[in-house]
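Throughout, protein chains are lettered first and strands after them, A, B, ... in sequence-line order, and every chain is numbered starting at 1. These numbers come from a predicted model, not from an experiment.
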Protein chains: 2
Amino acid sequence: MAGRGKSAGRPQRVTLHDLADHAGVSRATVSLVLRKSPLVAAKTREAVLESVRALGYVYNRGAANLRTQRSHTIGVSINEITNPYFTELTAAIQRAFLKHGRVVFIANSEEDPARQDDFIATMREYNADGLAICPSRGTSRETLRRLKKQGVACVLVSRDIGGSGLDYAGHANEAGMCEATEHLIGLGHRRIAMLGGNDLVSTGRERRGGYRKALGLHGIAIDEALVVEGEATRSFGAATVRRLLALKDPPTAAVCFNDVIAFGVMLGLRQVGREPGRDFAVIGYDDLAEAELWVPGLSTVRNDTRMLGETAAQLLLDRIENPDAPVRRVVLQPKFVIRESSGGQR
Amino acid sequence: MAGRGKSAGRPQRVTLHDLADHAGVSRATVSLVLRKSPLVAAKTREAVLESVRALGYVYNRGAANLRTQRSHTIGVSINEITNPYFTELTAAIQRAFLKHGRVVFIANSEEDPARQDDFIATMREYNADGLAICPSRGTSRETLRRLKKQGVACVLVSRDIGGSGLDYAGHANEAGMCEATEHLIGLGHRRIAMLGGNDLVSTGRERRGGYRKALGLHGIAIDEALVVEGEATRSFGAATVRRLLALKDPPTAAVCFNDVIAFGVMLGLRQVGREPGRDFAVIGYDDLAEAELWVPGLSTVRNDTRMLGETAAQLLLDRIENPDAPVRRVVLQPKFVIRESSGGQR
DNA sequence: CTTATAATTTAGATCGTTCTAAATTTTGGT
DNA sequence: ACCAAAATTTAGAACGATCTAAATTATAAG
């Protein structure tokens with residue numbers, strides 16, 4: 001009596017049709033009940049809901065999406081989820097969309113544009129309403145312009161790709177790094193290294209630009225030997241600071257592309273018997289939860305990750321709502337946090 | 001000429017129908033081409049693929065799933081993605097499924113069984129082929145049994161829920177923690193604290209059990225004041241070790257539920273002027289990338305995360321293939337790694 | 001040139017929902 | 001009791017793919 005299909009084999013999925021039969025109404029009415037339409041009479045609604053319970057019905061969202069041409073699904077592509085900054089950002093983005101009743105699909109592109117492209121293609125095949133992208137290194141402007149041209153709602157988060165023509169939510173990286181660097185200059189440092197980041201990614205360009213700008217403002221010549229590109233890992237920070245300390249005119253301080261590198265620098269200093277904050281000044285970027293706990297506490301530039309997630313979500317939802325609105329760019333101001341790792345007056 | 005529908009409004013999606021018209025064949029043939037069927041003649045295939053390019057066709061996976069009753073989609077529910085162990089595990093699981101051509105849906109339940117249930121419900125609504133679950137704290141056995149009874153393919157990863165009747169892939173936590181604790185005992189420690197974990201989660205029960213077992217094996221009485229439940233955070237580790245050191249008979253060593261807590265312990269020791277590895281022995285659990293870099297290097301129990309991800313994926317894929325096979329449990333052996341934080345002979 | 005066989009192609013039903021437009025029932029005023 | 005208006009319910013056609021079973025075309029053997 002239950003399950004229409006063949007009596008042999010797998011249990012058939014319970015459908016609207018089954019519910020309709022069971023409750024003695026039409027498919028259309030059942031559909032209205034499930035969508036909480038006010039059109040249907042209270043008594044009918046009760047009967048249908050009772051059938052739902054009785055048959056153990058599971059709504060088929062895929063079928064509904066096919067019909068409505070809307071999926072309420074958002075794809076989120078993250079360049080490197082094992083980086084704690086992006087882990088926090090991902091959680092923030094997810095929370096923000098969840099609050100707006102969207103289902104979120106997360107993928108980790110691991111800095112590989114091909115994987116990112118695959119994911120974007122898959123999400124389009126699933127008819128996602130929109131995409132939030134932290135573009136992996138090397139993402140081409142053309143890829144993104146094509147998305148825009150094809151009418152895919154899209155927002156770039158954290159990292160910008162110039163000329164993509166997409167909405168963007170990010171932080172004011174140049175200003176943040178400039179302030180951090182000027183702080184060190186104010187403490188008397190002249191040989192300041194800049195560790196991590198690169199010019200292939202906007203955040204790298206901007207933070208490295210902020211560093212250069214600060215030195216320029218105070219008439220300090222830039223020694224390219226102290227500007228080191230690198231991965232956002234602790235081991236890069238540790239190895240690099242050890243190498244720089246071995247130079248004949250070593251730096252006395254370092255600003256880092258992010259906190260993870262700064263933690264590495266502090267570990268590296270200890271490995272060679274130097275104490276961060278006393279023998280060498282260190283500044284990070286992001287203000288991860290861990291920064292405050294270190295001994296010495298890490299001076300760093302705080303990005304409001306949760307706010308960025310919410311901003312990105314709002315931009316994307318607006319874009320979905322109104323595909324032809326003018327492009328928007330929101331840049332959040334960071335906050336420089338002074339702790340002990342940058343040392344006192346020297 | 002392009003796009004069948006109304007000439008006004010949004011661009012219509014290109015469908016198999018459009019491709020068929022454009023290429024002068026039937027819908028069925030186009031479908032065969034897209035699915036790389038060998039049945040179709042080379043010349044026809046070329047023509048269709050040319051139409052795909054010409055019209056900018058995007059495959060509609062939702063429609064296909066509706067028809068085939070298979071989604072090639074896997075839902076992965078993670079209890080806390082900001083914990084780096086789970087971040088790594090998530091990445092490993094994703095990679096493993098990707099290798100098998102599955103699309104992976106990731107959600108962060110943040111230790112909230114309600115969010116986990118929501119996600120599971122959503123995945124069922126999307127007709128996911130299977131679920132990989134790192135159950136959040138407080139997940140009930142009944143929830144999981146119901147899933148099994150309803151024929152949902154499911155594998156538990158890392159954390160076990162007794163009596164769920166589901167496949168499980170995890171690590172031998174008791175053995176790992178027992179070995180670590182015995183190492184400290186061998187070095188002469190008698191007052192050994194156990195920090196973090198709790199009995200609400202299998203990994204906590206097992207690791208704490210391993211600690212108790214080791215003490216028992218060597219006739220050391222357990223001082224419950226030294227066994228502290230807690231969150232897997234650095235701040236818990238730091239605060240707790242400071243508190244324990246203030247006891248009148250303080251511990252001389254600590255084994256930690258995981259590396260993150262152990263890092264916190266090392267930071268906490270420094271905050272009160274003690275040097276980990278020299279003044280106090282510390283052992284972690286997980287062997288995160290960071291463990292090796294610390295000064296002193298963190299002694300810890302290594303879990304092979306990538307292997308766990310692959311194992312879980314294989315169990316789930318087998319289960320999907322063969323729903324009625326007997327339940328399997330795979331437990332991977334960890335490896336104890338000795339570095340400097342556990343100190344030498346005292 | 002048949003004819004049997006193999007290789008291709010296809011019409012039409014189907015998956016489980018929602019939508020449109022119309023049919024039916026209920027309600028309330030006279 | 002009647003009728004208009006409001007409230008509720010519904011049949012049947014979508015959505016965009018795949019499947020089944022059969023039709024068509026090409027190839028080879030006699």
Side-chain angles (χ1 to χ4, degrees), chain A residues 3-6 9-48 51-52 55-73 122 124-127, chain B residues 3-6 10-48 51-52 55-73 124-129:
Chain A
R4 299 146 296 128
K6 321 282 173 62
R10 303 302 209 69
Q12 286 288 122
R13 182 166 194 151
V14 178
T15 72
L16 277 198
H17 189 92
D18 301 317
L19 288 181
D21 283 359
H22 188 270
V25 295
S26 73
R27 256 171 23 254
T29 302
V30 175
S31 176
L32 289 173
V33 171
L34 294 179
R35 284 177 290 147
K36 307 191 199 315
S37 161
L39 286 179
V40 43
K43 210 161 65 173
T44 317
R45 186 196 325 279
E46 278 317 311
V48 171
S51 299
V52 167
L55 301 185
Y57 170 74
V58 175
Y59 183 72
N60 187 330
R61 213 167 276 277
N65 292 347
L66 176 58
R67 180 63 239 244
T68 58
Q69 308 281 52
R70 282 214 139 203
S71 65
H72 295 102
T73 290
T122 301
R124 295 192 63 197
E125 292 183 356
Y126 275 107
N127 201 22
Chain B
R4 301 147 295 131
K6 320 283 172 66
R10 303 299 208 70
Q12 286 289 120
R13 183 164 192 151
V14 177
T15 73
L16 278 199
H17 189 90
D18 301 317
L19 287 180
D21 283 359
H22 188 269
V25 295
S26 73
R27 254 169 28 251
T29 303
V30 176
S31 177
L32 290 173
V33 171
L34 294 179
R35 283 177 290 147
K36 306 191 200 314
S37 161
L39 286 179
V40 45
K43 213 162 62 173
T44 317
R45 187 197 324 279
E46 278 316 312
V48 171
S51 300
V52 167
L55 301 186
Y57 171 73
V58 175
Y59 183 74
N60 186 330
R61 212 168 275 276
N65 292 348
L66 175 58
R67 180 65 239 248
T68 58
Q69 308 281 55
R70 282 216 140 199
S71 65
H72 295 102
T73 290
R124 295 192 64 196
E125 292 184 356
Y126 275 108
N127 202 23
D129 290 350

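Atoms CZ (A:Arg35) and C1' (C:dC19) sit 8 Å apart, rounded to a whole Å. Taking atom CG of residue A:Leu34 and atom P of nucleotide C:dT18, one finds them 7 Å apart after rounding to whole Å. The distance between atom NE2 of A:His17 and atom C1' of C:dT18, rounded to the nearest whole Å, is 16 Å. B:Lys43 places its NZ atom 14 Å from the C1' atom of C:dA7, with the value rounded to the nearest Å. In this structure, B:Leu66 places its CG atom 17 Å from P of D:dA14, rounding to the nearest Å. Whole-Å rounding puts the A:His72 NE2 to C:dT18 C1' distance at 13 Å. The distance between atom OH of A:Tyr126 and atom P of D:dG16, rounded to the nearest whole Å, is 17 Å. Rounded to an integer number of Å, the gap from A:Asn65 CG to C:dC15 C1' is 14 Å.
Residue side chain A:Arg67 does not reach the base of C:dT17 through any donor-acceptor N/O pair under 3.5 Å, judged by distance alone.
Between the side chains of A:Asn127 and B:Arg13, at least one donor N or O sits under 3.5 Å from an acceptor N or O. Between B:Tyr57 and B:Thr15, the side chains place no donor N or O within less than 3.5 Å of an acceptor N or O (distance only, hydrogens not considered).
OP1 or OP2 of C:dT9 lies within a sub-4.0 Å distance of a side-chain N or O belonging to B:Thr44. In terms of phosphate contacts, B:Ser26 brings no side-chain nitrogen or oxygen within less than 4.0 Å of OP1 or OP2 of C:dT9. Applying the 4.0 Å criterion to OP1 and OP2 of D:dT18, one finds that B:Thr68 has every side-chain N and O outside that range. Side-chain nitrogen and oxygen atoms of B:Arg45 include none within less than 4.0 Å of the OP1 or OP2 phosphate oxygen of C:dT8. Within the structure, every side-chain polar atom (N or O) of B:Gln69 is placed at least 4.0 Å from both OP1 and OP2 of D:dC19. Regarding contacts with the backbone of D:dG16, every side-chain N or O of B:Thr15 stays at 4.0 angstrom or more from both OP1 and OP2. Side-chain nitrogen and oxygen atoms of A:Tyr57 include at least one within less than 4.0 Å of the OP1 or OP2 phosphate oxygen of C:dT17. OP1 or OP2 of D:dT18 lies within a sub-4.0 Å distance of a side-chain N or O belonging to B:Tyr59. Proximity of B:Arg70 to the phosphate of D:dT18: no side-chain N or O atom is located under 4.0 Å from OP1 or OP2.
When each of C:dT9, D:dT9, D:dA17 is scored by its nearest atom to the side-chain atoms of A:Ala41, the top-ranked nucleotide is D:dT9. When the nucleotides C:dT8, C:dG16, D:dT9 are ranked by their closest atom to the side chain of A:Leu32, D:dT9 comes out on top.
With the nearest nucleotide of DNA chain C identified for both A:Ala64 and B:Val40, B:Val40 has the one nearer the 5' end. Nearest-nucleotide assignment on DNA chain C puts the 5′-proximal partner with B:Gly24, out of B:Gly24 and B:Ala63.
Contact annotation for A:Arg27: base contact, defined as any heavy-atom pair under 4.0 Å involving a base atom. Heavy atoms of B:Ala28 sit under 4.0 angstrom from at least one base atom.
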query: Given B:Tyr59 and B:Arg61, is the side chain to side chain contact (heavy atoms under 4.5 Å, CB included) satisfied, shown in steps?
result: CA-CA 6 Å; B:Tyr59 183 74; B:Arg61 212 168 275 276; 4.1 Å; yes
field: A:Leu32 and A:Val48: CA distance, side-chain angles, deciding distance, side chain to side chain contact (heavy atoms under 4.5 Å, CB included) verdict
entry: CA-CA 10 Å; A:Leu32 289 173; A:Val48 171; over 6 Å; no
field: Derivation and outcome, side-chain hydrogen bond (donor to acceptor under 3.5 Å, both in side chains), residues B:Ser31 and B:Arg27
entry: CA-CA 6 Å; B:Ser31 177; B:Arg27 254 169 28 251; over 6 Å; no
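Here the side chain of B:Thr29 pairs no donor or acceptor atom with the backbone of B:Val25 at under 3.5 angstrom.
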